[in-house]
Peer 1: 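What follows is a single structure, and I will ask about it in a moment.
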Amino acid sequence: MKIKRKASLFVGMLCLAGTLFAQNVCVSTPKTSLVLSAPVGGKLQFVYYGEKLRQADWGVLKNATPIAAAYPEYGLNCPTEVALAVKHPDGNMTLQLEVVKVLTKEENNAVVTTAEMKDKVYPFFVNVCYRAWQDVDVIEAWTEIRHQEKKPVVLNQFASAYLPVRRGDVWLSHLYGSWANEGRLCQEAIEPGMKVIKNKDGVRNAHTAHAEVMFSLDGKPQENAGRVIGAALCYAGNYKLRIDTHDDEYHHFFAGINEENSTYALQKDEIFRTPELALTYSDEGLSGSSRNFHRWARLHKLANGNVLRKILLNSWEGVYFDINEEGMDQMMADIASMGGELFVMDDGWFGDKYPRLNDSSSLGDWVVDKNKLPGGIKGLLEDAQKHGIKFGIWIEPEMANTVSELYEKHPDWVLKAPNRELVLGRGGTQLVLDMANPEVQDFVFKVVDNLMTEYPQIDYIKWDANMSVLNHGSTYLDKGSQSHMYIEYHRGLEKVCQRIRAKYPTLTIQACASGGGRANYGLLPYFDEFWVSDNTDALQRVYMQWGTSYFFPAMAMASHISAAPNHQTFRTIPLKYRIDVAMSGRLGMEIQPKNMTDEEKALCKKAIEAYKLIRPVVQMGDIYRLVSPYDKHGAASLMYVSSEKDKAVFYWWKTEHFVNQHLPRVKMAGLCPDKVYKIHELNRIDNTPLDFEGKTFSGAYLMANGLEIPYNHRVDYHKQNDYSSRVLYLEEVK
């Protein structure tokens, strides 16, 4: 609380004592500062963002020349990229915003600074807002736009925020991919011209690219050294990130809703609030920026971020649509026998008139298929209780099939272009419901509410979304608001999620969208985790989970042990390796246990027991990425360290296998130099322990030298293979 009051007073002092500090306003977190010039009657301008300023620095900064407008508007002396562009009812396409006043207030554990601006001529108002968290180094920026003109003002561009980044040897780290190949890391130097990262899917915005980036300011990105600015747009819909580099000294970064086909007619006194852009700064490299995002997520942005996640078995890859009572009971018994805590029944359990036998029917008809499950969900809950585990269920509530009772009753509830034939999605029959429609919102809410009201013992919901918006049209929106469709879809979805969370705050909900299509901070306040990818291949997961970890904590990343050969890549990977990869996220299983040998089940049981030991460190600890698989050194390594630095978990995976290969010795990070740690290998399959098993080392030694990891496992000849992985548990010796 002391930090909170001090920060609030500091911001307030700067706002009130404008003449002393040249109207500068400082927005501060524990270790960072963002400074604006905000003279009343003048322009709001950007001055500084980076390491937290000391009092002595203000003597210099009070006379510093501002870098650029803090929220550039189009129309006057702005021939380059802008954050805001409008068209007034009289056709005028210019804005000229000036500061009216700056306000600060405390809000939970944050300080909110609002710079209120007004156009010099028109009754058009923009609030530029910053929320500075006082328990983590993240500042959220957004805008609130309104007007009092007689007719609607058209918003043609409406970014959430703008940030100038000083030119030099600046590199960009961002994520790209596709279905079953999400979260791939791309790192590139920023060159002159325009770099655009965008999404236009409508429903799922994290397959082909991500709305999060990092800027490394000191050359080629390093994991644990160098200055880094991280940015994450908190939005679940279409977005656009722009980096404009022209003829001045800065890279100009804009982030916000993608305005393509989404011009917005703003009514008088209506407030258009843009999504937050979360900013963080660290001088501890990419991993330092990640640690800031992870802490912020657990404290403020992830549903139930202070609760450890359960170890589960999901039925999908085990049985696909072949759901029946006997099979579900068998899978529950198997995961319970291995020490698991939760069983999730996936797709294929519902449909009356149109039973869900494959992906071509029944979405929207959320009633139990009694032919498959005569005892209904009640019987499954009784089985779960019998086995001493929790029960979860799959739904896809935003979607419908043309072959469904829902579509027969409400064909007007789907997104459809007027006078056009429907474009159909998955299974040749899938459609997206119109979430702008309040009746549809009520229906989607009731999908969850009806389940939870009738079966309050349900512990977990897997919420899927398997289709893009392929039909631009809403029968609910009027003809003048059709360009609002994408925005209204996500407003409606958020309203539903808010209602669900208000009534069921502790229900665990996973965001799945054809895999990792909804890994974003727009939805995560309402979801406990997300499915990283439909691809469960352990080797490819090393790469995907590495990239995803740049912005999202391990507790949010569902990572499952699956079958061999893998169902997506058909690669055969040893169980030990599959386990070690899955244990670096939220551990689960995606497999048919009855097809496993007793030896395999025993190894999984041992791994689940080990994960329960390390779960607090993995899910709540600080990440330190050590050797990147993208650097092609033949291995990948990372570790998690507890906040007290008394425990750590070290992961090492070989990614290539050659005779006479030479892999780097991995230096650890994040430990306390003065502490002594005992080493214990988890999930051991070797006939003999590692040379350092049970031995102690100082944190200083482990961070300066690391440990020699054997390239291969010491196992019987018939068990040898080309994969190798290690998980080490470090515990302080007191």
Peer 1: Does Arg625 count as lying over the ring of Tyr550, i.e. NZ or CZ under 6.0 Å from the six-ring centre, within 45 degrees of the axis?
Peer 2: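 Yes, a cation-pi geometry holds between Arg625 and Tyr550.
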Peer 1: If the condition is salt bridge (Lys or Arg N to Asp or Glu O under 4.0 Å), which residues does Glu326 pass it with, not counting sequence neighbours?
Peer 2: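 Applying salt bridge (Lys or Arg N to Asp or Glu O under 4.0 Å) to Glu326 gives none.
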Peer 1: ring-ring contact (aromatic ring centres under 6.0 Å, His included): which pairs involve residues 358-381, sequence neighbours left out?
Peer 2: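 ring-ring contact (aromatic ring centres under 6.0 Å, His included) check on residues 358-381 returns Phe350-Trp366.
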Peer 1: Output all residues satisfying side chain to side chain contact (heavy atoms under 4.5 Å, CB included) with Asp359, sequence neighbours left out; order by chain, then residue number.
Peer 2: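 Expected list: Phe321, Arg356, Arg426.
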Peer 1: Only counting residues at least two apart or in another chain, list the ones meeting side chain to side chain contact (heavy atoms under 4.5 Å, CB included) with Phe570.
Peer 2: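 Phe570 satisfies side chain to side chain contact (heavy atoms under 4.5 Å, CB included) with no other residue.
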Peer 1: Which residues satisfy the side chain to side chain contact (heavy atoms under 4.5 Å, CB included) test with Ala538, sequence neighbours excluded?
Peer 2: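 Ala538 satisfies side chain to side chain contact (heavy atoms under 4.5 Å, CB included) with Ile573, Tyr577, Arg578, Val581 once adjacent residues are dropped.
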Peer 1: Would you call Lys719-Glu599 a salt bridge at under 4.0 Å N-O?
Peer 2: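 Between Glu599 and Lys719 there is a salt bridge, with a charged N closer than 4.0 Å to a carboxylate O.
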Peer 1: Sequence neighbours excluded, which residues qualify as salt bridge (Lys or Arg N to Asp or Glu O under 4.0 Å) partners of Asp334?
Peer 2: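 Partners of Asp334 under the salt bridge (Lys or Arg N to Asp or Glu O under 4.0 Å) test: Lys601.
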Peer 1: Could you note down all residue pairs passing side-chain hydrogen bond (donor to acceptor under 3.5 Å, both in side chains) where residues 632-641 supplies at least one of them, sequence neighbours left out?
Peer 2: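 Listed once each, the pairs would be none.
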Peer 1: For Gln430, enumerate each residue passing the side-chain hydrogen bond (donor to acceptor under 3.5 Å, both in side chains) test, keeping only those at least two apart in sequence or located in another chain.
Peer 2: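 Only Glu396 meet the side-chain hydrogen bond (donor to acceptor under 3.5 Å, both in side chains) criterion with Gln430.
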Peer 1: Using side chain to side chain contact (heavy atoms under 4.5 Å, CB included) as the criterion, list what pairs up with Thr569, not counting sequence neighbours.
Peer 2: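 Testing Thr569 for side chain to side chain contact (heavy atoms under 4.5 Å, CB included), a comparison that skips the adjacent residues, returns Asn535, Asp537, Gln540, Asn566, Arg571.
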Peer 1: Mind checking salt bridge (Lys or Arg N to Asp or Glu O under 4.0 Å) for Lys378 and listing every partner two or more places apart, or none if nothing turns up?
Peer 2: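 Checked Lys378 against salt bridge (Lys or Arg N to Asp or Glu O under 4.0 Å); matches are Glu382.
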Peer 1: Ignoring hydrogens and angles, tell me if any N or O in the side chain of Trp349 forms a donor-acceptor pair with the backbone of Trp394 under 3.5 Å.
Peer 2: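 Yes; at least one donor-acceptor contact below 3.5 Å.
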Peer 1: Does Lys667 have any salt bridge (Lys or Arg N to Asp or Glu O under 4.0 Å) partners at least two apart in sequence or in another chain, and if so, which?
Peer 2: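 Lys667 satisfies salt bridge (Lys or Arg N to Asp or Glu O under 4.0 Å) with no residue once adjacent residues are dropped.
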Peer 1: My understanding is that only residues two or more places apart in sequence, or in another chain, count here; which of them pass side-chain hydrogen bond (donor to acceptor under 3.5 Å, both in side chains) with Glu341?
Peer 2: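 With neighbours one apart ignored, the set is Arg615.
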